Each structure stands twice: as C-alpha cells, then as structure tokens.
Novice: 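The structure's right below; bear with me while I get my questions together.
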Amino acid sequence: MATTEEPRWTLITGASSGIGAELARTFAARGYPLVLTARREERLEDLGAEIRQAHGVPVEVMALDLEDREAPRDLHEMLRERGIVVHTLVNNAGFGLRGYFASLPHDKQLAMIDLNVTALTSLSRLMLPGMIERRQGGILNVASIAAFQAGPYMAVYYATKAFVLSLSEALHDEAKPHGVTVTALCPGPTESEFSETAGLKDSWLFRSGVMSSTEVARVGVDGYEAGRAIVIPGAKNRVGAIGAKFAPRFVSRRIAGLLQGMR
Ligand SMILES: NC(=O)c1ccc[n+]([C@@H]2O[C@H](COP(=O)([O-])OP(=O)(O)OC[C@H]3O[C@@H](n4cnc5c(N)ncnc54)[C@H](OP(=O)(O)O)[C@@H]3O)[C@@H](O)[C@H]2O)c1
C-alpha cells in the first residue's frame, strides 16, 4: 500500500503545447513531479528543463504517438521500468477538424477518435486500478464545451468530447468511494495551436474571444484538487453549457453550427 509521502507523479499527454504545457507548469508549481508526453520530443525536453529550473520538481519525458493503439501500453511499460507510479493522469492530447463530415479525410477522422477517445480510455483503464488500490490520486480528462451539444461541421470532434464527458462523469462516481477523483475539464475557445490545427481561426467561435491556456489550466487543476466532476472555465462558457442543457437540442446544435461558421 502506498503512503501519502510517495511522489505525486503526474503524467500529462499533449504537454508539448497549449493547455497541456500550461497544465504541466501549474501542476509543477504545486509540487507534482511530471511525466510529459506528446510527439514533439524537443519541445517536451525544453519544457522539462524550464520546469525543473523554475519549480525544482523531477520531470521525465517520454515521446510517443498516441494515435498508435499500442502506445498507451508501451507508455505504461516505460513507466513501470522507470519505477514511476502515476498518482495523477492528465488526458489532454487531442485535436479537432472543421469541415463537412462527408468530405473530411476519413483517415484523419479515425485518427481523431484514436487519440481523443481510444488513447484516453486505454490510459484510464491501465492506470485507474492502481489508483483505486492505493486509494489516492485521480484522472483529469480534457473534454470541451463541445461535449454539451452536437456540432455540425465538427461532427466527429464534438462526438469525441461528448464521449470524454460521459466517461469521466461515470468514472467520477465509480472512483469517488475509493478516494480517487475523476474530473472532466471543459474549456471553451482557448489560445493554443488547436484553432490552427482544426481550421477554426476565422470562425465566430474563435473571433468572439479566447481564454488563455494559463487560466484554463489553473481553473482545471483547482477543480481537480477540489474533487469536482465537471469544471468549465470562464463565465461565458458556463452560460453556454447551461444554455445547451436547457435549450431544445435543435437550437443548441444550430448555434454550434453557426459558431463554426461554415455557411
Ligand atoms: N484550444 C481550445 O479552444 C480547446 C477548447 C476545448 C478543448 N480543447 C482540448 O484541449 C486539449 C489540448 O488542446 P490545445 O488547445 O492545447 O491544442 P494544441 O496546442 O494543439 O495541443 C495539442 C497537444 O496534443 C498533442 N498531440 C496531438 N496529436 C498527438 C498524437 N498523435 N500523439 C500524442 N500527442 C498528440 C500535441 O503534441 P504533438 O503535436 O507534439 O504530438 C499537443 O501537445 C485537446 O484535447 C483539445 O480538444 C481545446
């Protein structure tokens, strides 16, 4: 059985930019040692060096492509070999794509599901049993306000985030009696590389104001440490999520479609 003195190793996926990099800085500032993963190793090494210097916590880097079905198991094995017991898993890596479902490249759509859904589910399944056994730690899953309604012109992305929110809420209730927290962080438009990758830079959604990744990360870690099931950073985003809950579904999905700006 682990003791509370054991290091609270925090594994962060998608730590090479945006919200993931800021989550890394935020957890490190609160004394959590880190394992950083993403594909761009050099960026992870640079961030690791900066964090070690600024916060004096150990930082390990493990570069991987999480679209590969074997990657979560490989990562789990690498952690075991290095004797790292993960206290907190942050499933942050993800991307979106704007366009018509019928014309976006199908391999990209499947890769999005592999990353946003399959890798997140596999890492959670690999790490949650140990957390429950040790009765400590938890999982912070980065969903989105996209999780609260369907999203025309970003259909697959919205569906992946609805999955992340639903899974996280269910796991929150399953894990809570064992002293383990599972939190879904649901940001709205946020400054990062996301809008470029998704082709959303000129959309209403991103032109109507973005939050900083630093603020999103701070609110996310606060909510996770407070044991909350769902965290929505920013008053505007909270109003949007509540609106989507109470408006007729055809209204909320039409608004999402308009904000994506395909017509
Ligand atoms: N920004 C927003 O407006 C917004 C809003 C709501 C939710 N989110 C969610 O926030 C999370 C973080 O996104 P972000 O905004 O910070 O975007 P970002 O700056 O594009 O960061 C995405 C991260 O995911 C990593 N990643 C992408 N493909 C990967 C792969 N195949 N294997 C491993 N890592 C991979 C990227 O690193 P490499 O390229 O180095 O692999 C990068 O570190 C995502 O889940 C996104 O859906 C973002």
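Index from 1, following the sequence. These values consider heavy atoms only, across backbone and side chains, with no hydrogens, waters or symmetry-generated copies. All figures in this text were calculated on a predicted structure; none of them were measured in a lab.
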Novice: I need the minimum non-hydrogen distance between I84 and M62, along with the two atoms involved.
Specialist: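 Scanning both residues completely, I find the closest heavy atoms to be CD1-CE, 4.3 Å.
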Novice: Once you round to the nearest 0.5 Å, how far does NZ of K108 lie from CG of D114?
Specialist: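 Output value for this atom pair is 12.5 Å.
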Novice: First locate atom CD of E60, then atom CG of L44, and finally report the distance between them rounded to the nearest 0.5 Å.
Specialist: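 If I round to the nearest 0.5 Å, the distance is 12.5 Å.
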Novice: Using a cut-off of 6.0 Å, state whether more than 12 heavy atoms not belonging to R82 lie near its atom CZ.
Specialist: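 More than 12 within 6.0 Å, yes.
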Novice: Decide if atom CD of E193 counts as having more than 12 heavy atoms of other residues, nucleotides or ligands within a radius under 6.0 Å.
Specialist: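 Counting neighbours around CD of E193, more than 12 heavy atoms of other residues, nucleotides or ligands fall under 6.0 Å, so yes.
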Novice: Using the rule that Ile, Leu, Val, Met, Phe, Trp and Tyr join whenever any side-chain heavy atoms are under 4.5 Å apart, tell me whether L104 and I113 fall into a single cluster.
Specialist: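 Yes, because L104 and I113 connect within a single hydrophobic cluster, where side-chain heavy atoms sit under 4.5 Å apart.
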Novice: Donor-acceptor pairs under 3.5 angstrom involving side-chain atoms of residues 122-132: please list them, not counting sequence neighbours.
Specialist:
{"unit_1": "S122", "atom_1": "OG", "unit_2": "T118", "atom_2": "O", "d": "3.1"}
{"unit_1": "S124", "atom_1": "OG", "unit_2": "N91", "atom_2": "ND2", "d": "3.2"}
{"unit_1": "S124", "atom_1": "OG", "unit_2": "L120", "atom_2": "O", "d": "2.7"}

Novice: In terms of hydrophobic clusters joined by side-chain contacts under 4.5 Å, are L89 and L64 together?
Specialist: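 Same cluster.
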Novice: Short question: side chain of R253, backbone of G151 - any donor-acceptor pair under 3.5 Å?
Specialist: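 Flag not set: sc R253 to bb G151 has no pair under 3.5 Å.
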Novice: Show me, pair by pair, the donor-acceptor contacts under 3.5 angstrom made by side chains of residues 162-174, not counting sequence neighbours?
Specialist:
{"unit_1": "S168", "atom_1": "OG", "unit_2": "N141", "atom_2": "ND2", "d": "3.0"}
{"unit_1": "S168", "atom_1": "OG", "unit_2": "V164", "atom_2": "O", "d": "2.6"}
{"unit_1": "H172", "atom_1": "ND1", "unit_2": "V182", "atom_2": "O", "d": "2.8"}

Novice: Hey, is CZ on R40 packed in by over 12 heavy atoms from elsewhere, all under 6.0 Å?
Specialist: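 Atom CZ in R40 is crowded, with more than 12 foreign heavy atoms closer than 6.0 Å.
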Novice: Answer yes or no: is there an ion pair linking R98 with D202, defined by an N-O contact shorter than 4.0 Å?
Specialist: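 Salt bridge: yes.
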Novice: Please report the closest heavy-atom contact between Q260 and Y158, naming both atoms and the distance.
Specialist: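 Minimum heavy-atom separation between Q260 and Y158: OE1-OH, 3.0 Å.
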Novice: Tell me the closest heavy-atom pair linking G14 and N92, and the distance in Å.
Specialist: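 What the structure gives for the nearest pair is O-ND2, 3.0 Å.
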Novice: Suppose we call two aromatic rings close when their centres sit under 6.0 Å apart. Are F194 and F95 close by that rule?
Specialist: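 Distance test on ring centres: not under 6.0 Å, no.
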Novice: In this structure, would I19 and V221 fall into the same cluster of hydrophobic residues linked by side-chain contacts under 4.5 Å?
Specialist: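 Yes, I19 connects to V221 through the hydrophobic network.
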Novice: Taking a hydrophobic cluster as the set of Ile, Leu, Val, Met, Phe, Trp and Tyr residues connected by side-chain heavy atoms closer than 4.5 Å, whether directly or through intermediates, do L200 and Y157 fall within one such cluster?
Specialist: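 They do share one cluster, since a chain of ILVMFWY contacts under 4.5 Å joins L200 to Y157.
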Novice: Please round to the nearest 0.5 Å and tell me the distance separating atom CD of Q109 and atom CZ of F101.
Specialist: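 If I round to the nearest 0.5 Å, the distance is 5.0 Å.
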Novice: Are R25 and E50 ion-paired here, with the side-chain N under 4.0 Å from a carboxylate O?
Specialist: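 Salt bridge present between R25 and E50.
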Novice: What pair of heavy atoms forms the shortest contact from E41 to A63, and how long is it?
Specialist: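 So the minimum-distance heavy-atom pair works out to CB-CB, 3.8 Å.
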Novice: Taking the six-membered ring of Y32, is the NZ or CZ of R8 close enough (under 6.0 Å from the centre) and on axis enough (within 45°)?
Specialist: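 Positive - R8 is close enough to the ring of Y32 and near enough to its axis.
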Novice: Do other residues, nucleotides or ligands put more than 12 heavy atoms under 6.0 Å from H106 NE2?
Specialist: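 Open: at most 12 neighbouring heavy atoms sit under 6.0 Å from NE2 of H106.
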Novice: Would you say that more than 12 heavy atoms from the other residues, nucleotides or ligands in this model lie under 6.0 Å from the CD of E67, or not?
Specialist: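 It does: E67 CD has more than 12 such atoms within range.
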Novice: Closer than 3.5 angstrom, by distance alone: can the side chain of Y224 be matched with the main-chain N or O of G138 as a donor-acceptor pair?
Specialist: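 Answer holds: yes.
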Novice: For E81, look at atom CD and say whether over 12 heavy atoms of other residues, nucleotides or ligands are found less than 6.0 Å away.
Specialist: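 Yes, the 6.0 Å shell around CD holds more than 12 heavy atoms from other groups.
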Novice: Run the numbers on V142 and L23 for side chain to side chain contact (heavy atoms under 4.5 Å, CB included), then give the verdict.
Specialist: CA-CA 11 Å; V142 182; L23 284 165; 4.2 Å; yes
Novice: Output yes when E225 and R30 qualify as a salt bridge under the 4.0 Å nitrogen-oxygen rule, no when they do not.
Specialist: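 Salt bridge: yes.
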Novice: Apply side chain to side chain contact (heavy atoms under 4.5 Å, CB included) to residues L36 and L47 and explain how you reach the verdict.
Specialist: CA-CA 9 Å; L36 306 178; L47 179 63; 3.9 Å; yes
Novice: Please check if the number of heavy atoms outside E215 that lie under 6.0 Å from its CD is greater than 12.
Specialist: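 Correct, the count exceeds 12.
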Novice: Looking at R43 and S17, what are the two nearest heavy atoms and their distance?
Specialist: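 Taking every non-hydrogen atom into account, NH1-CB, 3.4 Å.
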Novice: In residues 227-252, what donor-acceptor pairs under 3.5 Å come from side-chain atoms, sequence neighbours left out?
Specialist:
{"unit_1": "R228", "atom_1": "NH2", "unit_2": "I230", "atom_2": "O", "d": "3.3"}
{"unit_1": "K236", "atom_1": "NZ", "unit_2": "S208", "atom_2": "O", "d": "2.8"}
{"unit_1": "N237", "atom_1": "ND2", "unit_2": "P233", "atom_2": "O", "d": "2.9"}
{"unit_1": "R238", "atom_1": "NH1", "unit_2": "I232", "atom_2": "O", "d": "2.8"}
{"unit_1": "S252", "atom_1": "OG", "unit_2": "R249", "atom_2": "O", "d": "3.3"}

Novice: Could you check whether any side-chain N or O of T13 sits under 3.5 Å from a backbone N or O of T37, counting only pairs where one atom can act as donor and the other as acceptor?
Specialist: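 Here the side-chain-to-backbone pair does not exist.
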Novice: Apply side chain to side chain contact (heavy atoms under 4.5 Å, CB included) to residues T190 and F206 and explain how you reach the verdict.
Specialist: CA-CA 8 Å; T190 305; F206 275 82; 5.9 Å; no
Novice: Roughly how far apart are D65 CG and R39 CZ, rounded to 0.5 Å?
Specialist: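 These two atoms lie 5.5 Å from each other.
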